[in-house]
2 protein chains.
Amino acid sequence: MAANKNKTSYVILGLLNEENLSGYEIKKIVDLRLSFFWNESFGQIYPEIKRLASEGLIAVLEEPKNGSGKQSKKYEITEQGKAELQEWLKAPVEKELIRFEILLKLYFSNASSSRIMLEHIKQFQLNHQRQQLLFDQFEAQLKQDIDVHSNHRQILMVLSFGQKLWKSYAEWCEESIKLLENAVAGQGDDVHE
Amino acid sequence: MAANKNKTSYVILGLLNEENLSGYEIKKIVDLRLSFFWNESFGQIYPEIKRLASEGLIAVLEEPKNGSGKQSKKYEITEQGKAELQEWLKAPVEKELIRFEILLKLYFSNASSSRIMLEHIKQFQLNHQRQQLLFDQFEAQLKQDIDVHSNHRQILMVLSFGQKLWKSYAEWCEESIKLLENAVAGQGDDVHE
DNA sequence: ACCGGCATGTAAATGGTTACATGATTAT
DNA sequence: ATAATCATGTAACCATTTACATGCCGGT
């Protein structure tokens, strides 16, 4: 019933609210599906699971060790946990946290570093193109087995946010690369470093 | 000459590379100009200034205490500091850090929380509209006194990134609000909380 | 027999926010 | 006078990453 805990706990509660999962699986899902707007590390997840269990918001599911049972501990959310999750959903949204080192560098760079910035932006572009490819696969898959998740409508909204983000990254990269290529060409070879 | 320090130091070095500033002024500039992609707190800035000074990357400018002299300590970047800044500019860009709590909530919400999510998104929309207004002012001002900064071309690229970001936020808000308003209307009044 | 991926966890270090303390200057 | 803002700084706390330790399981 407490007001504001750390966010990791809500990621765990939120995912367990849909299906029973192990810590490892939680990490995988976050990496695969949420990583364009959220990240968690094992160093946060495992201790937090422990804490949530000790407070009775989640409970260990004793996996039957038959068949090809891996030795993973699965957890399920408790009624108390569901209540806590709902409370957090209602609470005001905290401001997003954003840190683009690439913009910092660009801001502090000058004409003589155009060539370097060009490389940075190209790398940035490549990274996001790759990431978007993976993301597109996930989206296609989700649109196939729609209604598997009770909240597919919401998930599609989140994905739409991602698509818009990437589209603006892509546009910006193209635009900036053109500008910088002109700048570099204009300067000729006399400037280095 | 060390490879990778914390980012706060480069924010300080980067800003001091353009003009001499006090810690307080650095904070103000970050808030005003960089806050859409970067933030710093006093608790980071002051200790970091101290460290940079002790390592000789920046130096205190003893302000003459005449006139309406405020008792602020201004700093200037040293040659060593400039070298360090240039090295960081060349180093590969680290992956951006992004955390949108609003997307987390939306992802974990379900049909019954549409009304709440609608409010969250409207608030998000309002916040960003306000922020963009301030930003537009800064951009207009910058475009007026162009060439005051040696790196105005780079700054305009950074601003363009911001504009694209905000445009995608705005589009997403509109789109999502419509979707959720339909959902809420469709459900009628029977569902609450 | 060995390697890669699955799986869980802890400890240390770092990064970052928030709250507090202090005092000067400026505007009302 | 007094409140707001300018200005510097520290300490405590909380969040996060990274490195490490350990062991299982499946494939080659």
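In what follows, every chain begins at residue 1, and chains take the letters A, B, ... in the order their sequences are listed.
Rounded to an integer number of Å, the gap from B:E94 CD to D:dT16 P is 16 Å. Rounded to an integer number of Å, the gap from A:F42 CZ to C:dG5 P is 14 Å. The CD atom of A:E48 sits 8 Å away from the P atom of D:dA15 (whole-angstrom rounding). The NZ atom of A:K7 sits 14 Å away from the P atom of D:dC14 (whole-angstrom rounding). One atom, CD1 of B:I26, and another, P of D:dG9, lie 11 Å apart when rounded to the nearest Å. Between the NZ atom of A:K95 and the C1' atom of C:dT18 there is a distance of 18 Å, rounded to whole Å. The CD atom of B:E40 sits 16 Å away from the P atom of D:dT8 (whole-angstrom rounding). Between B:Y75 atom OH and D:dA7 atom C1' the separation is 11 Å, expressed in whole Å.
Of the candidates C:dG16, D:dT8, D:dA15, C:dG16 carries the atom nearest the A:R99 side chain, counting heavy atoms from C-beta on. Relative to the side chain of A:S72, the nucleotides C:dT10, D:dA7, C:dT8 differ in distance, and C:dT8 lies closest. Taking every side-chain heavy atom of A:K50 into account, C:dT10 is the closest of C:dG16, D:dT8, C:dT10. Set against D:dT10, D:dT17, C:dT8, the side chain of A:Q44 has D:dT17 as its closest nucleotide. For B:Y24, taking side-chain heavy atoms from C-beta onward, the closest of the listed nucleotides D:dT17, D:dC6, C:dT17 is D:dC6. Ranking C:dG9, D:dG9, D:dT10 by closeness to the B:K73 side chain, first place goes to D:dG9. In the set C:dG9, C:dG15, D:dA15, the nucleotide with an atom closest to the side chain of B:N6 is C:dG15. With C:dG9, C:dT18, D:dT10 as the candidates, the nucleotide lying closest to the side chain of A:Y46 is C:dG9.
By the neighbour-count criterion of 12 heavy atoms within 6.0 Å, atom NZ of B:K95 is densely surrounded, having more than that number from other residues, nucleotides or ligands.
Within the nucleic acid shown, A:G43 comes within 4.0 Å of at least one base atom, counting heavy atoms only.
The closest donor-acceptor contact from the side chain of B:N182 to the backbone of B:A185 lies at 3.5 Å or more, if one exists at all. Between the side chain of B:W88 and the backbone N or O of B:K7 there is no donor-acceptor pair closer than 3.5 Å.
Proximity of A:S41 to the phosphate of D:dT17: a side-chain N or O atom is located under 4.0 Å from OP1 or OP2.
Residues B:P47 and B:L97 each lie close to DNA chain D; by heavy-atom proximity, the contact nearer the 5' end of the strand is made by B:P47.
Applying the side-chain hydrogen bond (donor to acceptor under 3.5 Å, both in side chains) test between B:Q132 and each of B:E139, B:Q137, B:Q163 identifies B:Q163 as the sole match. A salt bridge (charged side-chain N to carboxylate O under 4.0 Å, His left out) with A:D31 is found for exactly one of A:K27, A:R33, A:K28, namely A:K27.
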